[in-house]
There are 2 protein chains.
Amino acid sequence: MKRNTWQREAVRTALTGTEGFVSAQVLHSHLRDTGSSIGLATVYRALASLEETGEVDALQQDGESLYRACTQGTHHHHLICRNCGTTVEISADPVEQWARQVAAEHGFTQANHVVDVFGLCAACTALAAAGGQVAEPGRVT
Amino acid sequence: MKRNTWQREAVRTALTGTEGFVSAQVLHSHLRDTGSSIGLATVYRALASLEETGEVDALQQDGESLYRACTQGTHHHHLICRNCGTTVEISADPVEQWARQVAAEHGFTQANHVVDVFGLCAACTALAAAGGQVAEPGRVT
DNA sequence: TGCTAAACGATAATCATTGTCAAAAAGGGT
DNA sequence: ACCCTTTTTGACAATGATTATCGTTTAGCA
């Protein structure tokens, strides 16, 4: 059976306490920085497991996977700041319908879709306008 | 200045002669199989360069980048068979507008988006129904 | 034809992710 | 509370795609 370990709980908690999407590596660093002795492989395993159960969302950027705790239990998409990682969960019913229809029109079955919107959030837009530097993605907010 | 080499041309040609999305590694194998002496690093460089100029589209799947020659010069999206890689280029004006609007509503600027629909094409759907096996992605069609 | 900077190719290096395996510990039964 | 079985962990090795390095080749032009 599936067991409850403090490690899995620590990953869940750390992810919930994070505003935007983070990489497994960054999440692991943060856990270590806060005194946890959790291993890197375990973080990867926990994230994969949590993704399977639908407790966290994942997306791929620049060839690395980023994770975030879901606040909505239902299917949704994301509006992500490519500077600070701040994320807004958005529902997109028209897009869902469009995707289904396009797939059907071309005889495709078992359709799913990847829909993400990236941009600069209001704060980072102001920052950039003030001449501020853009930081690397994957950072914690 | 930018130079025209037979290597870059070979990559462009090989990609044009391919139906679906392919990985750099697979494309390289095919070029070698057809007698070319092109190097792997060069294939990567050519693909990156072609993507920059907008001549080819790229998407990320399972942590690897896949490439395909664009037939439309304008912005568009893809409907991709996750079994055989067959791809249909689709325009999605309603989605473009939706993305722009959602970004603006939340104060995001410089918005772009990732929109891809995956599924099983008609042929592969029939194949699967007949008990056929699904092959791995990244293969050439 | 000769020059020079861009492009190439072989290979080493990088980096995220996954596999391995002995040691630790969760859950249930006694 | 203790033991037993099985899952999970953690340190580290292995993998696999992509990128950097660097000496050699070559496209484009005088």
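Sequence lines set the chain letters: A, B, ... in the order given, protein chains first and strands last, and positions in each chain run from 1.
The local environment of CD in A/E52 is sparse, with at most 12 non-hydrogen atoms from other residues, nucleotides or ligands closer than 6.0 Å.
Applying the salt bridge (Lys or Arg N to Asp or Glu O under 4.0 Å) test to A/E105 and every residue at least two apart in sequence or in another chain returns nothing. Remark: B/E89 pairs with B/R68 by the salt bridge (Lys or Arg N to Asp or Glu O under 4.0 Å) rule, at least two apart or across chains. Residues forming a ring-ring contact (aromatic ring centres under 6.0 Å, His included) with B/H106 (at least two apart in sequence, or on another chain): none.
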Please write out each protein N/O paired with an N/O of nucleotides 21-27 of chain C under 3.5 Å, distance rounded to 0.1 Å.
unit_1, atom_1, unit_2, atom_2, d
C/dA26, N3, A/R3, NH1, 2.8
C/dA26, N3, A/R3, NH2, 3.2
C/dG27, OP1, A/N4, N, 3.0

Report each atom pair, protein N/O against N/O of nucleotides 14-18 of chain D, whose distance is under 3.5 angstrom.
unit_1, atom_1, unit_2, atom_2, d
D/dT18, OP1, B/S65, N, 2.8
D/dT18, OP2, B/Y44, OH, 2.6

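The interatomic distance linking A/H28 (NE2) with C/dT17 (P) rounds to 13 Å, in whole Å. Taking atom CZ of residue B/R12 and atom P of nucleotide C/dA7, one finds them 13 Å apart after rounding to whole Å. Between the CG atom of A/L50 and the P atom of D/dT8 there is a distance of 12 Å, rounded to whole Å. As a whole-Å value, the separation of A/R8 CZ from D/dG10 P is 12 Å.
Residue B/Q7 places no side-chain N or O under 4.0 Å from the OP1 or OP2 atom of D/dA27.
Remark: the backbone N or O of A/V115 is paired with a side-chain donor or acceptor of A/H77 at under 3.5 angstrom. When atom types are taken as modelled, the side chain of A/E19 and the backbone of A/G85 share no donor-acceptor pair closer than 3.5 angstrom.
The side-chain heavy atoms of A/T5 and A/T42, taken from C-beta on, include no pair separated by under 4.5 Å. Using a 4.5 Å heavy-atom cutoff, the side chains of B/L15 and B/L47 are in contact. Between B/F108 and A/V88 the shortest side-chain heavy-atom distance falls below 4.5 Å.
Between the side chains of B/E55 and B/T53, at least one donor N or O sits under 3.5 Å from an acceptor N or O.
For the segment residues 51-59 of chain B, the set of residues with a heavy atom within less than 4.0 Å of an atom of DNA chain C is empty.
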